[in-house]
Number of protein chains: 2
Amino acid sequence: MPVSGEIDHEGPDPVYVQLAAILRARIGSGELPHGRALPSRERLAAEFGVSRGTCEKALAILREEGLVKTSFGRGVYVTKRP
Amino acid sequence: MPVSGEIDHEGPDPVYVQLAAILRARIGSGELPHGRALPSRERLAAEFGVSRGTCEKALAILREEGLVKTSFGRGVYVTKRP
DNA sequence: GCCCATTTGTACGTATGTATG
DNA sequence: GCATACATACGTACAAATGGG
């Protein structure tokens, strides 16, 4: 799974998988450090040119992996330490 | 159209027709009473082992029959009185 | 305490691409 | 070729929680 930082809408990998990989890489690199809030669905959707539902799916993957934790009405926070 | 409560992926009837029949029976029997919200597409898909699109097709049939009514963004409700 | 914007979660409707028989 | 079925993706809509003013 290449992580170019750009979404390839034509490629073989689903967009939500690509987006999860990008965010996972940003967490792994420390660009999104422990405790930091991720951009909202709205912002992610705008930044990557995808829909909010797709961002939702990508974040669901990271949540399952234990990399982030969501706080209803507040945001999504990085739980993974570098 | 037999209504066993189970989907037969091998049988002659399309899955979406079978699913519509099952839900129609549940409405007719009062198991899904007037005003009750049906499970979401996601839940129906999980319960019956089919895709969301197939659930969509099944519900479209019931909608056309006037058995249920959709409230966009909220759910599908039984309109048929027993 | 109340309004209001933001954010999350969930659900619906639709469209498209792919695979299968 | 066509109908069926699934997965993906987008857009829209509503409810609930949070936090600031």
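As the structure is a computational prediction, the values presented were derived from the model and not from experiment. Proteins come first, then strands; the chains are lettered A, B, ... in the order of their sequence lines, and each starts at number 1. Side chains included, hydrogens not; waters and symmetry mates left out as well; all remaining heavy atoms used.
- The cluster map of Ile, Leu, Val, Met, Phe, Trp and Tyr, joined by side-chain heavy atoms under 4.5 Å apart, puts A:Y77 and A:L23 in different clusters.
- Regarding B:E10, its CD atom lies at a distance of 10 Å from the P atom of C:dG21, rounded to whole Å.
- Rounded to an integer number of Å, the gap from CG of A:L44 to C1' of C:dT7 is 12 Å.
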**Base-contact (B) and sugar-phosphate-only (S) positions in nucleotides 16-21 of chain D, heavy-atom cut-off under 4.0 Å, - elsewhere** = BBSS--
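- Atom pair A:I7:CD1 and D:dC10:P shows a separation of 9 Å (rounding to whole Å applied).
- Protein atom CG of B:D13 is 16 Å distant from nucleotide atom C1' of C:dG21, rounded to whole Å.
- The distance between atom CG of A:L38 and atom C1' of C:dT6, rounded to the nearest whole Å, is 16 Å.
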Contacts under 3.5 Å, N or O only, protein and nucleotides 2-4 of chain C:
none

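- The salt bridge (charged side-chain N to carboxylate O under 4.0 Å, His left out) search around B:E65 returns B:R24, not counting sequence neighbours.
- Taking each heavy atom of A:R52 and A:A45 in turn, the nearest pair found is N-CB, 4.1 Å.
- Between the OH atom of A:Y16 and the P atom of D:dC10 there is a distance of 12 Å, given to the nearest Å.
- Each of A:R43 and B:E42 has a nearest nucleotide on DNA chain C; the 5'-most of these lies closest to A:R43.
- By the 4.5 Å heavy-atom criterion applied to side chains, B:L19 and B:C55 are counted as neighbours.
- If you measure from atom CD of B:Q18 to atom C1' of D:dA5, you get 13 Å, rounded to the nearest angstrom.
- Applying the side-chain hydrogen bond (donor to acceptor under 3.5 Å, both in side chains) test to A:S29 and every residue at least two apart in sequence or in another chain returns nothing.
- Qualifying side-chain hydrogen bond (donor to acceptor under 3.5 Å, both in side chains) partners for A:E47, counting only residues two or more places apart in sequence or in other chains: A:R26.
- Remark: A:R63 pairs with A:E56 by the salt bridge (charged side-chain N to carboxylate O under 4.0 Å, His left out) rule, at least two apart or across chains.
- DNA chain C lies under 4.0 Å from at least one heavy atom of each of the following residues of residues 49-64 of chain A: A:R52, A:E56, A:R63.
- Listed by chain and number, the residues in a side-chain hydrogen bond (donor to acceptor under 3.5 Å, both in side chains) with A:S71 are A:R74 (sequence neighbours excluded).
- Each of B:L62, B:L32, B:L67 was checked for a side chain to side chain contact (heavy atoms under 4.5 Å, CB included) with B:V78, and the lone residue meeting it is B:L32.
- Shown here are the side-chain hydrogen bond (donor to acceptor under 3.5 Å, both in side chains) partners of A:S40, two or more places apart in sequence or in another chain: there are none.
- Residues satisfying the salt bridge (charged side-chain N to carboxylate O under 4.0 Å, His left out) test with A:E6, not counting sequence neighbours, are none.
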